[in-house]
Structure formats: structure tokens, C-alpha cells
Amino acid sequence: MNIEIKNNSKPANLQEIQSFEEEWNIELPDDYKEFLLKTNGGNPTIRRFQTLDKKNHVIFNIYTSIY
């Protein structure tokens, strides 16, 4: 399932991501970095979904990790 993200903020840049990783002494997964470089968080257009185990879930927003 693809989830389209509606976003009102500007995408993160590589320097912001690297600064965040250094400050928190972590390394974010590459696919999450790509997400931040594209959208930097936002609100999914489809909020309700079902996982393979048939449990229903709701996502209200996907938060950015970059300031």
C-alpha cells in the first residue's frame, strides 16, 4: 500500500539530517532519510489501514525528525 503524504513544510536537507544524527548520536535508516529529503513529515491521505494480521490502525500524521 502506498500512502500519499500531504505536507505543508519544506523538505529537510542533507546537512540538517547529518546535524540531527550527530547531535543525537544515531544513524537514521537510509529509507527514512530519503523520506525526510522528499517530504519531511506530513499527513497521510489514507489514515486507516489494516495490517497482515487483520488489525486495524490509524495514522494521523507522520512527524518530522528534523527541526
Side-chain angles (χ1 to χ4, degrees):
M1 166 195 270
N2 287 332
I3 299 175
E4 183 180 336
I5 304 294
K6 292 188 288 183
N7 186 351
N8 295 327
S9 62
K10 69 177 188 163
N13 64 52
L14 196 53
Q15 183 179 5
E16 291 170 322
I17 294 172
Q18 290 170 340
S19 293
F20 177 85
E21 290 177 319
E22 288 173 15
E23 181 178 336
W24 292 95
N25 195 30
I26 61 169
E27 185 175 339
L28 298 172
D30 288 338
D31 59 345
Y32 188 59
K33 291 179 195 180
E34 289 175 26
F35 169 76
L36 294 172
L37 291 168
K38 272 186 177 175
T39 67
N40 201 14
N43 299 316
T45 55
I46 299 172
R47 294 179 183 255
R48 297 176 193 275
F49 66 97
Q50 192 175 73
T51 52
L52 295 175
D53 59 2
K54 304 296 183 194
K55 292 184 179 178
N56 294 311
H57 300 274
V58 177
I59 298 176
F60 290 103
N61 39 53
I62 299 172
Y63 296 107
T64 176
S65 288
I66 308 302
Y67 343 88

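The figures that follow rest on heavy atoms only: side chains count, while hydrogens, waters and symmetry mates do not.
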Can you tell me how far the [atom1] atom of [X] sits from the [atom2] atom of [Y], to the nearest 0.5 Å?
X: Lys54; Y: Leu52; atom1: NZ; atom2: CG; value: 8.0 Å
X: Leu28; Y: Phe35; atom1: CG; atom2: CZ; value: 12.0 Å
X: Gln18; Y: Asn13; atom1: CD; atom2: CG; value: 9.0 Å

Indicate the atoms forming the closest heavy-atom contact of [X] with [Y], along with that distance.
X: Glu21; Y: Lys33; answer: OE2-CE, 2.8 Å
X: Glu16; Y: Pro11; answer: OE1-O, 4.3 Å
X: Leu37; Y: Ala12; answer: CD2-O, 3.4 Å

What is the ring orientation for Trp24 with Phe20, classed by angle as parallel under 30°, tilted 30 to 60°, or perpendicular over 60°?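 If you compare the ring of Trp24 with that of Phe20, the planes turn out tilted.
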
For Asp53, give me all partners under side-chain contact (heavy atoms from CB on, under 4.5 Å), at least two apart in sequence or on another chain.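 Here the qualifying residues are Thr51, Lys55.
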
